[in-house]
Amino acid sequence: QVQLQESGPGLVKPSQTLSLTCTVSGGSITTAPSYWSWIRQPPGKGLECLGVMTYRGSTFYSPSLKSRTSISRDTSKNQFTLQLSSVTPEDTAVYYCATSKRLMTNPVVRKNDYDYWGQGTQVAVSS
């Protein structure tokens, strides 16, 4: 069974870059087909996909966040990383990493479209 674990700071100052890492066990991020996503849920709002990386390393980003989002990976550590730049308090959310066997690019997320999820990590943007 694939397990995902998010890690990173719980507090980020406005204008800084949020950086989170997802460590994967029980499966490889290069196995075909597999797609590795970053998803968030702001307080009182629904789930939003920020972007996805394919098993080949290609990336797709939410149009509304594309200018601020970057997803990269370290295949030797079986990890993939989210960087979100120029954060504001509106970026406060629980951030999840998740995986699916199909490419999911719709920013609107249905939980059942993903096979495995991390437990989520709370990130607050505040000075």
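Below, each value reflects all heavy atoms present in this structure, side chains not excepted, and no hydrogens, waters or symmetry copies.
At distances below 3.5 Å, at least one donor-acceptor pair connects side-chain atoms of Arg68 with backbone N or O atoms of Ser85. Within the 3.5 Å criterion, the main-chain N or O of Met104 finds no donor-acceptor partner in the side chain of Asp113.
Glu48 contributes atom CD, which lies 5.0 Å from atom OG of Ser64 (distance to the nearest 0.5 angstrom). Within the model, atoms CD of Gln79 and CG of Leu20 stand 12.0 Å from one another, a figure rounded to the nearest 0.5 Å. For the atom pair Thr59 OG1 and Arg73 CZ, the distance stands at 10.5 Å (nearest 0.5 Å). Summarising the geometry, atom NZ belonging to Lys13 is positioned 6.0 Å from atom CG belonging to Leu11; distances are rounded to the nearest 0.5 Å. Here the straight-line distance linking atom OG1 of Thr75 with atom CZ of Phe80 works out to 13.5 Å at 0.5 Å rounding.
Clustering ILVMFWY residues whenever any of their side-chain heavy atoms sit less than 4.5 angstrom apart, transitively, puts Trp38 in the very cluster that holds Tyr61. Hydrophobic clustering places Leu4 together with Met53 (ILVMFWY residues linked when any side-chain heavy atoms are closer than 4.5 Å, directly or through intermediates). Both Val87 and Leu50 are members of a single hydrophobic cluster when ILVMFWY side chains are connected at heavy-atom separations under 4.5 Å. Under a hydrophobic clustering in which Ile, Leu, Val, Met, Phe, Trp and Tyr are joined whenever their side-chain heavy atoms come within less than 4.5 Å, directly or via other members, Leu18 and Ile71 fall into the same cluster.
Cys22 pairs by the disulfide (SG to SG under 2.5 Å) definition with Cys97, not counting sequence neighbours. Listed by chain and number, the residues in a side-chain hydrogen bond (donor to acceptor under 3.5 Å, both in side chains) with Trp36 are Ser34 (sequence neighbours excluded).
Inter-residue side-chain proximity for Gln41 and Tyr96 is flagged as met; some heavy-atom pair is nearer than 4.5 Å.
Gln83 and Ser70 share no side-chain donor-acceptor pair at under 3.5 Å.
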Under 3.5 Å, which donor-acceptor pairs do the side chains of residues 119-127 form with other protein atoms, sequence neighbours left out?
| residue | atom | partner | partner atom | Å |
| --- | --- | --- | --- | --- |
| Gln122 | NE2 | Ala93 | O | 3.4 |

